[in-house]
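All values derive from a computational prediction rather than experimental measurement. Any value given below was found using the heavy atoms of this structure, including those in side chains, with hydrogens, waters and symmetry copies removed.
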Amino acid sequence: MSRVVYIEELPRHVGEEVAIRGWLFNKRSSGKIRFLIVRDGTGFLQCVATVKDTEPESFELCERLPQETSLIVTGTVREDPRAPGGYELLLKRLTTVQVPKEQFPIALKEHGVGFLMDHRHLWIRMRRQFAILRVRDAVMWAIREFFKREGFVATECPIIVGTQVEGTTTLFPLDYFGEPAYLSQSGQLYLEATCMALGKVYWIGPAFRAEKSKTRRHLTEFWMAEAEMAYFDHGDNLALQERLVRYIVEYVIAERKRELEILERDIEALKREVEGPFARVTYREAVEVINSEGVPMEYGDDFGAPAEDALSKHFGRPVFVERFPARIKPFYMKRDPNDPSVALCADLIAPEGYGEIIGGSQRVDSEEELLRQLEEYNLPREPYQWYIDLRKWGSVPHSGFGLGVERTVAWITGVRHIRETIPFPRMLDRLYP
RNA sequence: UCCCCGGUAGCUCAAUUGGCAGAGCAGCCGGCUGUUAACCGGCGGGUUGGAGGUUCGAGUCCUCCCCGGGGAGCCA
């Protein structure tokens with residue numbers, strides 16, 4: 001019995017006889033020599049079958065097996081420049097696990113988006129999706145490692161909530177034993193409470209927004225990495241965010257180079273974008289930059305997609321936009337003491353038109369200010385009582401932010417639409433598969 | 001919710017002014033000892049999204065509906 005290994009481990013087994021357990025991805029034949037491309041989740045491997053080296057029954061099977069047959073291949077690993085990836089398996093024996101009776105829907109040809117989305121459960125087996133999802137994995141690990149190194153405590157937030165964070169139009173309502181409840185749009189309010197217990201906290205969790213938006217940057221269910229830090233002011237907050245984003249990008253480049261190559265991502269461009277300090281402008285300056293790029297907008301408007309694109313084009317690296325007019329930002333953001341019309345907040349706009357990847361702010365820390373702002377936003381006091389309560393018992397300056405995982409993955413991988421950056425995207429009009 | 005584009009073979013698309021519904025790929029059969037989405041020869045494959053209308057004649061024009069894609073607003 002040959003040793004079972006994974007494709008990504010093959011460089012360590014050159015010359016040995018090994019077994020790979022996987023699926024038939026593609027095949028080519030030239031009469032007496034046959035090539036199988038086998039995938040196993042860690043990579044893709046070319047297997048070479050010849051009359052001389054391969055057992056007759058196995059050689060025969062090579063010609064007949066359909067795409068996505070699950071199989072176990074045994075043979076000798078060798079280095080060969082003609083093989084995609086540089087290594088191949090000289091096939092000795094092939095045994096099938098299950099042979100599909102019908103044709104696999106996704107051919108190795110072009111397909112329309114609607115067709116691919118209907119077959120998302122199978123589409124994720126293809127090479128590009130494999131690469132994207134492995135980059136996503138690296139992004140998740142980078143976030144966890146970064147926060148651990150920085151001394152953060154990993155925590156969790158409730159997903160079923162009774163209070164709202166963002167606007168009322170974007171909630172998914174549900175019936176909680178007869179009481180109205182919602183799917184969480186953000187864990188922020190809970191993280192504010194938790195950071196008063198644990199100092200620096202983060203979590204990576206899902207967020208739900210029932211917005212009827214159909215764009216390449218929106219999902220109704222997406223993942224956020226949220227952090228909240230006691231005793232951090234606005235400046236500390238931005239410095240931390242910049243370290244995080246740079247860490248993620250460098251981590252992915254180091255760990256997932258092969259995947260970025262499959263995706264034909266310009267790795268040098270990505271490196272350059274995070275090399276130096278990120279750009280920082282105030283909202284007021286940003287409006288001028290946007291206007292100078294030929295996109296009309298006025299002071300007081302929120303940024304639309306064209307405005308964000310103009311900014312990212314102008315700077316060519318991530319850019320923080322600070323101090324938005326308070327009235328276009330949520331109630332919990334602390335006002336700038338020097339100019340109470342603006343909030344101590346910042347959005348981080350990714351390069352290359354991927355839009356806002358982080359939104360964050362220093363939070364209101366006094367009870368009076370919080371009560372005043374709840375009133376300004378016409379929000380009821382009752383459901384926020386516990387949140388108000390936090391300001392009564394040793395309240396301190398604190399700040400936090402949320403990073404959108406899918407938009408970050410989209411930027412790093414260079415994929416245009418974020419629906420490809422999560423295994424099963426939830427979008428307007430798309431609940432299956 | 002609004003604006004734009006589209007729906008023809010399993011998939012991706014073509015079909016001139018309204019005039020015989022076609023090609024590539026996939027599938028099946030055959031060939032090829034280094035292929036890289038392999039290639040070469042042959043074969044089968046259609047309720048043109050649905051309903052109604054105009055017309056001698058509709059894939060093509062009109063009305064309504066369904067579905068998909070792109071974008072806007074809003075946001076991460």
Side-chain angles (χ1 to χ4, degrees), chain A residues 25-37 44 46-54 59 62-64 66-67 78 80-86 88 90 100 102-119 126-128 165-170 185-188 204-226 241 301-309 324 328-330 347-350 354-360 401-411 416-419 421-422 427-430:
Chain A
F25 183 72
N26 191 16
K27 61 174 197 264
R28 296 181 275 271
S29 87
S30 182
K32 302 293 186 298
I33 184 164
R34 292 167 184 180
F35 301 93
L36 303 179
I37 307 296
F44 294 80
Q46 171 164 286
C47 303
V48 186
T50 69
V51 177
K52 186 163 72 73
D53 306 290
T54 309
F59 187 77
C62 289
E63 192 67 5
R64 293 206 318 266
Q67 193 183 351
R78 62 184 193 190
D80 192 315
R82 291 172 296 186
E88 63 182 18
L90 185 60
E102 294 168 55
Q103 187 188 143
F104 190 65
I106 304 179
L108 304 174
K109 299 284 169 186
E110 62 300 351
H111 293 283
V113 173
F115 176 84
L116 289 171
M117 287 304 299
D118 288 342
H119 295 85
M126 308 311 281
R127 199 188 296 266
R128 271 180 61 83
V165 178
E166 312 289 341
T168 46
T169 56
T170 63
Q185 299 170 298
S186 160
Q188 184 204 310
I204 305 176
F208 305 89
R209 309 249 169 119
E211 273 153 11
K212 303 211 166 166
S213 47
K214 278 183 66 174
T215 85
R216 65 193 181 90
R217 293 168 175 172
H218 287 85
L219 299 172
T220 53
E221 177 183 293
F222 64 98
W223 286 70
M224 278 205 292
E226 296 181 274
Q241 291 170 36
D301 294 346
D302 211 337
F303 294 157
E308 286 181 355
D309 292 353
F324 279 68
I328 59 171
K329 288 291 176 184
D347 286 356
L348 182 65
I349 313 293
Y354 286 94
E356 182 189 343
I357 55 169
I358 293 182
F401 64 90
L403 171 134
V405 170
E406 287 75 19
R407 287 186 185 176
T408 302
V409 174
W411 165 44
R416 230 184 114 62
H417 200 301
I418 65 168
R419 66 183 156 219
T421 64
I422 184 169
M427 298 180 295
L428 184 64
D429 298 329
R430 188 153 310 262

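A:D301 pairs by the salt bridge (Lys or Arg N to Asp or Glu O under 4.0 Å) definition with nothing, not counting sequence neighbours. With sequence neighbours excluded, no residue forms a side-chain hydrogen bond (donor to acceptor under 3.5 Å, both in side chains) with A:R127. Among residues two or more places apart in sequence or in another chain, the salt bridge (Lys or Arg N to Asp or Glu O under 4.0 Å) test is passed with A:E221 by none. Among residues two or more places apart in sequence or in another chain, the side-chain contact (heavy atoms from CB on, under 4.5 Å) test is passed with A:P206 by A:I159, A:W203, A:F208, A:W223. Under the salt bridge (Lys or Arg N to Asp or Glu O under 4.0 Å) criterion, A:K27 pairs with no residue at all, not counting sequence neighbours. Legend: residues meeting salt bridge (Lys or Arg N to Asp or Glu O under 4.0 Å) with A:R78, ordered by chain and number and at least two apart, are A:E88.
Note on A:T408: nothing from the nucleic acid sits closer than 4.0 angstrom, heavy atoms only. In this structure, A:R128 reaches neither bases nor backbone, as no heavy-atom distance under 4.0 Å exists between it and the strands shown. As judged by a 4.0 angstrom heavy-atom cut-off over every strand, A:Q67 is placed among residues making no nucleic acid contact. If you check every strand for non-hydrogen atoms under 4.0 Å, A:Q46 touches a base. A:E88 comes within contact range of at least one nucleobase, with a heavy-atom separation under 4.0 Å. As judged by a 4.0 angstrom heavy-atom cut-off over every strand, A:R127 is placed among residues making no nucleic acid contact. Within 4.0 Å of A:T215, counting heavy atoms only, lies at least one base atom of the nucleic acid. Using a 4.0 Å heavy-atom criterion, one finds that A:H119 contacts no nucleic acid atom at all.
At a cut-off of 3.5 angstrom, counting only N and O atoms as typed in the model, there is no donor on one side facing an acceptor on the other between the side-chain of A:S30 and the base of B:C39. Judged by distance alone, with hydrogens and angles left aside, A:R407 brings a side-chain donor or acceptor within reach of the base of B:C75, the pair sitting under 3.5 Å.
Note on A:R416: a side-chain N or O is less than 4.0 Å away from OP1 or OP2 of B:G71.
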Set out, line by line, the N/O atom pairs under 3.5 Å between protein and nucleotides 27-29 of chain B.
none

Which atoms of nucleotides 41-50 of chain B (N or O only) lie under 3.5 Å from a protein N or O atom, and what are those distances?
none

If you restrict it to nitrogen or oxygen atoms, what contacts under 3.5 Å exist between nucleotides 2-5 of chain B and the protein, and what is each distance?
none

Close N/O contacts between protein and nucleotides 12-14 of chain B (under 3.5 Å):
| unit_1 | atom_1 | unit_2 | atom_2 | d |
| --- | --- | --- | --- | --- |
| B:U12 | OP1 | A:G112 | N | 2.8 |
| B:U12 | O2' | A:E110 | OE2 | 3.3 |

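Helical stems of RNA chain B (runs of at least 3 Watson-Crick or G-U pairs, donor-acceptor distances under 3.5 Å) are listed by first residue: B:1-7 with B:66-72, B:10-13 with B:22-25, B:27-31 with B:39-43, B:49-53 with B:61-65.
Residue side chain A:F222 meets the stacking definition with respect to B:A76: its ring centre sits within less than 5.5 angstrom of the base's six-membered ring centre, and the planes differ by less than 30 degrees.
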For residues 103-115 of chain A, which side-chain donor-acceptor pairs fall under 3.5 Å, sequence neighbours excluded?
| unit_1 | atom_1 | unit_2 | atom_2 | d |
| --- | --- | --- | --- | --- |
| A:H111 | NE2 | A:A107 | N | 3.1 |
| A:H111 | NE2 | A:A107 | O | 3.1 |

